[in-house]
Colleague: 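I'd like to ask you about the structure that follows.
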Amino acid sequence: MASLEELRRQLGEIDEEILRLVSHRQEVAAQIGRVKQQEGQGTRAFAQEKEVVERARRVALQLKLPEELGEELVELLIRHSLTRQEQQRVQHRGSGSGQRVLVIGGAGRMGRWFVRFLASQGYEVEIADPAGPLEGYDYTPDWEDADLLHDLIVVATPLRVTQDILLRLAERRPSGLVFDIGSLKSVLRQPLHRLVEAGIRTTSIHPMFGPDTELLLGQHVIFVDLGVPEATRQARRLFDSTMAVQVEMNLEDHDRLIAYVLGLSHALNIAFFTALAESGEAAKRLAQMSSTTFNAQFSVASSVAQENPHLYFEIQSLNDYGSESLAALLYALERIRSVVLAKDEPGFVKLMETGRAYLSSRQR
């Protein structure tokens, strides 16, 4: 019988071989992506993906492995292949060649995302941020020192800072397209309208993903039209070569929905970890306990707890419609509490059935 050390050595060799095969597979996938570009095909082929997944399940079963393992492995590989193909498509399009971009707040996390995204399209990107430069990009500490002769100006700063910057841009009247990427729009209502009144091509977008996102498949980008349709179309074209879901709406609808999409979900998780942290003796003993539901919720809450608290406070406090979602959360908690205290089982069941019906309809 082989020793433990020998078995571990064999395992390491197998892992290396698996990774070599993965590398080969990804290169073939990249070639497929290039052929799709040449033939004008879309990045994603759902029928082909289904066939690949079903084949993986069959092979896994033949090898006496769980079918789910084959499916999960192949789906992970497909996702990484799509990421590479999407990046190739963005670079191949090169729509920004010869055009200048100024990213105000480009040293921030989402600012950096836009710097990389726009540079990959061939734009000549300049960063304006007192936090410091990024290697490989032109830089100025103060955006007001820039000539503002750029084809595109992206404002990627905290909301309160964005307000002042947009108002100053309205005074300086740049000739290029201007848009912010703020999570809320009602707080920017006045400065955005001031830009439009000044005759500046202005729109507003909200990328509904984080700065670590690489693949835009299934990610939403919201475009808020301010009455300048050509500006919104120009901003949307930046994402045409990606697989992002583009959604267009007006400013008021945006913030009403964001009160629930962001405000409610953030508040729910903050309430969860606040209740745990303040549960006294139970807080110490919870480390010895777990359940499937608790672990899933704990994971999401842990992610929320690591986010920027100042940004999250802005999302809660600066939204003109933010109190609606918080009131809805309080009302829902009180309804749960009341049916439990009243030992009203039919009422409790009705709450769950109503929720199940809503969630099922949303997943269709």
Side-chain angles (χ1 to χ4, degrees), residues 1-92 208-220 241-245 265 269 289-304 306 352 355-364:
M1 178 183 292
S3 66
L4 180 59
E5 183 178 346
E6 172 62 19
L7 291 172
R8 285 174 172 166
R9 185 190 64 77
Q10 292 180 27
L11 197 62
E13 291 176 352
I14 293 170
D15 289 343
E16 288 181 18
E17 183 60 25
I18 289 172
L19 290 173
R20 276 192 287 271
L21 289 170
V22 168
S23 177
H24 185 204
R25 185 190 192 281
Q26 299 303 78
E27 181 52 42
V28 172
Q31 292 177 26
I32 290 173
R34 288 190 284 271
V35 171
K36 287 180 181 177
Q37 287 177 18
Q38 293 169 2
E39 297 181 354
Q41 296 185 32
T43 302
R44 197 148 197 211
F46 291 96
Q48 177 63 22
E49 288 176 28
K50 180 181 179 182
E51 183 179 330
V52 171
V53 170
E54 289 177 347
R55 181 171 64 236
R57 290 180 66 90
R58 289 196 303 271
V59 173
L61 193 61
Q62 292 168 7
L63 297 173
K64 295 183 170 50
L65 292 171
E67 293 177 76
E68 294 76 13
L69 176 60
E71 180 175 343
E72 289 172 9
L73 286 173
V74 166
E75 285 183 342
L76 179 63
L77 292 171
I78 289 173
R79 185 168 185 83
H80 281 271
S81 297
L82 288 171
T83 299
R84 188 167 178 181
Q85 290 180 20
E86 182 176 76
Q87 291 169 347
Q88 286 176 332
R89 185 174 292 270
V90 170
Q91 293 168 2
H92 176 74
M208 299 292 288
F209 51 83
D212 297 325
T213 301
E214 293 185 358
L215 177 65
L216 292 183
L217 170 66
Q219 303 289 350
H220 287 70
S241 57
T242 75
M243 291 178 283
V245 179
S265 57
N269 282 283
M289 304 282 290
S290 70
S291 72
T292 303
T293 304
F294 179 87
N295 289 345
Q297 182 61 52
F298 192 90
S299 177
V300 176
S302 297
S303 177
V304 169
Q306 299 305 312
M352 291 200 64
R356 183 182 302 143
Y358 167 74
L359 295 172
S360 296
S361 68
R362 193 179 187 280
Q363 291 170 353
R364 289 181 192 140

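The first residue of the sequence shown is numbered 1, and numbering continues consecutively from there. Fair warning: this is a prediction, and the values are worked out from it, not measured in the lab. Atom set for the values below is all heavy atoms of this structure, side chains included, hydrogens, waters and symmetry mates excluded.
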Colleague: Taking the side chain as everything from C-beta on, heavy atoms only, tell me whether Leu216 gets closer than 4.5 Å to Met243.
Modeller: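 A side-chain contact is absent here, since even the closest heavy-atom pair is not under 4.5 Å.
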Colleague: For atom CD of Glu5, decide whether the heavy atoms of other residues, nucleotides or ligands shown that lie under 6.0 angstrom number more than 12.
Modeller: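 No, not enclosed.
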Colleague: Is there a donor-acceptor pair under 3.5 Å between the side chain of Ser361 and the backbone N or O of Tyr358?
Modeller: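 Confirmed, Ser361 side chain pairs with Tyr358 backbone.
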Colleague: What residues, two or more places apart in sequence or in another chain, satisfy side chain to side chain contact (heavy atoms under 4.5 Å, CB included) together with Arg8?
Modeller: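 Partners of Arg8 under the side chain to side chain contact (heavy atoms under 4.5 Å, CB included) test: Leu4.
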Colleague: Give me the atom names and distance for the closest heavy-atom approach of His220 to Gly218.
Modeller: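 That would be ND1-O, 3.5 Å.
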Colleague: Output all residues satisfying side chain to side chain contact (heavy atoms under 4.5 Å, CB included) with Glu17, sequence neighbours left out; order by chain, then residue number.
Modeller: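 Per chain and number, Glu17 pairs via side chain to side chain contact (heavy atoms under 4.5 Å, CB included) with Arg20, Leu21.
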Colleague: Which heavy atom of Phe209 sits nearest to which heavy atom of Gln219, and what is that distance?
Modeller: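 Where Phe209 meets Gln219 most closely, the heavy atoms are CB-OE1, 3.4 Å.
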Colleague: Are the charged groups of Arg9 and Glu13 less than 4.0 angstrom apart, N to O?
Modeller: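 Here Arg9 pairs with Glu13 in a salt bridge, since their nearest N and O are under 4.0 Å apart.
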Colleague: Just jot down the side chain to side chain contact (heavy atoms under 4.5 Å, CB included) partners of Leu73, sequence neighbours excluded, or say none.
Modeller: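 Scan of Leu73 (side chain to side chain contact (heavy atoms under 4.5 Å, CB included), adjacent residues dropped) gives Leu69.
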Colleague: Going by atom type alone, with no hydrogens or angles, which donor-acceptor pairs under 3.5 Å involve a side-chain atom of residues 53-68 and a protein atom two or more places apart or on another chain?
Modeller:
{"residue": "Arg57", "atom": "NH1", "partner": "Glu71", "partner atom": "OE1", "Å": "2.4"}
{"residue": "Arg57", "atom": "NH2", "partner": "Glu67", "partner atom": "OE1", "Å": "3.4"}

Colleague: Working to the nearest 0.5 Å, report the span between CG of Leu11 and CG of Asp15.
Modeller: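 One gets 5.0 Å once the value is rounded to the nearest 0.5 Å.
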Colleague: What distance separates Met352 CE from Leu359 CG, expressed to the nearest 0.5 Å?
Modeller: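 That separation rounds to 10.0 Å.
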Colleague: For Gln26, which residues count as a side chain to side chain donor-acceptor pair (under 3.5 Å) partner, sequence neighbours excluded?
Modeller: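 Checked Gln26 against side chain to side chain donor-acceptor pair (under 3.5 Å); matches are Ser81.
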Colleague: Show which side-chain atoms of residues 292-304 pair as donor or acceptor with protein atoms under 3.5 Å away, not counting sequence neighbours.
Modeller:
{"residue": "Asn295", "atom": "ND2", "partner": "Ser291", "partner atom": "O", "Å": "3.3"}
{"residue": "Gln297", "atom": "NE2", "partner": "Asn269", "partner atom": "OD1", "Å": "2.6"}
{"residue": "Ser302", "atom": "OG", "partner": "Phe298", "partner atom": "O", "Å": "2.7"}

